[in-house]
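Structure first, commentary second.
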Protein chains: 2
Amino acid sequence: MQRAGDETTKRLAPANEKEREQRDRLIACVELLFFAYRDFTNDPDQVLEQYGFGRAHHRVLHFVHRNPGLRVADLLHILKITKQSLARVLKQLIDEGFVTQRSGKADRRERLLFATAKGSRLADKLADLQMRRIELALDKAGPGADAMARRFLFAMIGEQDRERVEALIGIHEPAHDKTEFETREST
Amino acid sequence: MQRAGDETTKRLAPANEKEREQRDRLIACVELLFFAYRDFTNDPDQVLEQYGFGRAHHRVLHFVHRNPGLRVADLLHILKITKQSLARVLKQLIDEGFVTQRSGKADRRERLLFATAKGSRLADKLADLQMRRIELALDKAGPGADAMARRFLFAMIGEQDRERVEALIGIHEPAHDKTEFETREST
DNA sequence: CAAATAAGTCAACATGACTGACGTAAGTTT
DNA sequence: AAACTTACGTCAGTCATGTTGACTTATTTG
């Protein structure tokens, strides 16, 4: 399987020293991403506990707050979860007055979602925690980390979703694309 | 609550244009980190399904594979889950021959963990998927993204854990602390 | 020997995902 | 107008993965 060459597609066995170093760097990234996300989600989790909410509530509240009038279907595409999973947390957020619904005027089947004042306060509070951690990390990473991090994270997103996310977020400067990956000369 | 000023510590209401832009950039990072991680974990999930494993198994297998002889207690600190949560997935990995245990020779209470050949194959396969995504993203982000991403992600980790993670990963170059901004043309 | 430590185990529970089936209102097509 | 499609909601059951709390066993250490 990974015995005989074919490093162009498999790369399971690093051949030379350079390849091994590159592999180590990439594995470091894999692990760092795990640790970074682990601690990144930990900040809001502490606060959410006091409200009886979990991460799922946070995600819903956040995207509704940042995109007033979001439809349920949009939320499903963003979160990539099922309608039934969303329903549970969304219902709680609505019942407890953090989110409201209105019917769309063009299409009255649509339920447009909005954060209430109470919901917005919580969403801002949670976002602030996460922004503060990111801000400090970007500072420590050095000048230019801001734009670089956004380009890197954006490129981590599955190709099919990038356009949608771009429309959702709006900000990030031009993608700094290499126009084509010069066919990476593998070995 | 957030009415009267105090932006120095709260920053809930952006005062000027510059502050608002900075806040938008940071919020973009928050959201991009969510999307990036969502898709980052999706790659291995597809494969794990075929083995009847989940993300929890992946994490355990990965860190055991990368750190042969890891103790159970170490794993608990890395994953930040409880002994009982770990026990369930670890037992499955051992029962199905992906991980083995040996008693430590210095301290025979310790159970040192090792990936079997079968376990190593799976771990490499999963790591490869994640590395490939990261490699492409770093390419798209432009030159220097590699080191920058590692510095940023490392700085996202809670301060108490950074030393431990540094020891675990080994690689990442000096932390590029803000105290000495310049002087960074190395490595 | 007594106490502390490393690990395993039993039981109960919460959260957040999933599938599948079905309902209902409102737009769209024929 | 009838038939179809779409957007959303809901009921019911399952699974994966996290939690607490209590208890055991083996081993090292004071």
Side-chain angles (χ1 to χ4, degrees), chain A residues 34 37-38 41-42 44-64 69-96 99-114, chain B residues 34 37-38 41-42 44-64 69-96 99-114:
Chain A
F34 162 73
Y37 199 78
R38 180 197 67 176
T41 52
N42 192 48
D45 282 356
Q46 308 298 323
V47 176
L48 287 159
E49 211 179 3
Q50 300 162 358
Y51 289 78
F53 290 147
R55 263 179 226 184
H57 302 87
H58 181 195
R59 294 197 280 258
V60 171
L61 179 60
H62 174 90
F63 284 107
V64 168
L70 203 65
R71 296 175 314 146
V72 170
D74 298 329
L75 215 31
L76 293 180
H77 287 132
I78 291 172
L79 303 175
K80 285 198 180 165
I81 59 174
T82 58
K83 191 174 42 162
Q84 297 90 326
S85 295
L86 174 59
R88 198 179 330 128
V89 292
L90 183 55
K91 191 175 189 308
Q92 286 177 269
L93 286 169
I94 292 169
D95 287 352
E96 302 188 30
V99 170
T100 52
Q101 292 179 316
R102 288 173 229 163
S103 292
K105 28 191 185 295
D107 185 337
R108 297 212 321 274
R109 289 172 305 177
E110 296 172 347
R111 307 295 168 84
L112 310 184
L113 301 170
F114 301 87
Chain B
F34 163 73
Y37 199 77
R38 181 197 67 176
T41 52
N42 192 47
D45 283 356
Q46 309 297 323
V47 176
L48 287 159
E49 209 180 4
Q50 301 163 354
Y51 289 78
F53 290 146
R55 267 181 224 181
H57 302 87
H58 181 195
R59 292 197 281 258
V60 171
L61 179 61
H62 174 91
F63 284 108
V64 168
L70 202 66
R71 296 175 314 145
V72 170
D74 298 329
L75 216 31
L76 293 180
H77 286 133
I78 290 171
L79 303 176
K80 286 199 179 164
I81 58 175
T82 58
K83 192 174 42 162
Q84 297 89 326
S85 294
L86 174 59
R88 200 179 326 134
V89 292
L90 184 53
K91 190 174 189 309
Q92 287 177 270
L93 286 168
I94 291 170
D95 287 351
E96 301 189 30
V99 170
T100 52
Q101 293 178 314
R102 288 174 230 163
S103 293
K105 27 190 186 299
D107 184 338
R108 295 209 328 268
R109 289 172 305 179
E110 294 173 348
R111 305 297 167 85
L112 309 185
L113 302 169
F114 300 87

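Naming convention: chains lettered A, B, ... in sequence-line order (proteins, then strands); numbering from 1 in each chain. Values below: all heavy atoms of this structure, side chains included; hydrogens, waters and symmetry mates excluded.
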Original post:
A:Ser85 side chain N/O closer than 4.0 Å to the phosphate oxygens (OP1, OP2) of C:dG16?
Top reply: no
Original post:
Quick one: is B:Gln101 getting a side-chain N or O under 4.0 Å of the C:dG8 phosphate, OP1 or OP2?
Top reply: yes
Original post:
In residues 87-94 of chain A, which residues come under 4.0 Å of DNA chain C by heavy atom?
Top reply: A:Arg88
Counting heavy atoms from C-beta on, name the nucleotide in [options] closest to the side chain of [X].
| X | options | answer |
| --- | --- | --- |
| A:Glu110 | D:dA7, D:dT20, D:dG9 | D:dA7 |
| A:Lys83 | D:dA22, D:dT10, D:dT17 | D:dT10 |
| B:Arg55 | D:dA22, D:dG18, D:dT17 | D:dT17 |

**OP:** Hey, can you tell me if A:His62 and A:His58 have their rings parallel, tilted or perpendicular (30° and 60° cut-offs)?
**Re:** perpendicular
**OP:** Can you label the angle between the B:Phe63 ring and the A:Phe34 ring as parallel, tilted or perpendicular, going by 30° and 60°?
**Re:** tilted
Subject >> Atom-pair distance (CZ on B:Arg71; P on D:dT27), nearest Å >> reply: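 About 17 Å, once rounded to whole Å.
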Original post:
Excluding sequence neighbours, so at least two apart, what forms salt bridge (charged side-chain N to carboxylate O under 4.0 Å, His left out) with B:Arg55?
Top reply: B:Asp45
Original post:
Between the two ends of the helix from C:dC1-D:dG30 to C:dT30-D:dA1, what is the bend in degrees, rounded to 10 degrees, where each end axis spans five pairs?
Top reply: 20°
Subject >> For B:Lys80, all residues meeting side-chain contact (heavy atoms from CB on, under 4.5 Å), sequence neighbours excluded >> reply: A:Arg38, A:Asp39, B:Asp161
Subject >> Reading 5' to 3' through nucleotides 24-30 of chain C, protein heavy-atom contacts under 4.0 Å coded B for base, S for sugar-phosphate only, - for none >> reply: --BS---
**OP:** Please name all residues satisfying side chain to side chain donor-acceptor pair (under 3.5 Å) with B:Arg109, sequence neighbours left out, ordered by chain then number.
**Re:**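 Testing B:Arg109 for side chain to side chain donor-acceptor pair (under 3.5 Å), a comparison that skips the adjacent residues, returns B:Asp107.
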**OP:** Identify, between A:Gln84 and A:Phe53, the residue whose nearest nucleotide on DNA chain C lies closer to the 5' end.
**Re:** A:Phe53
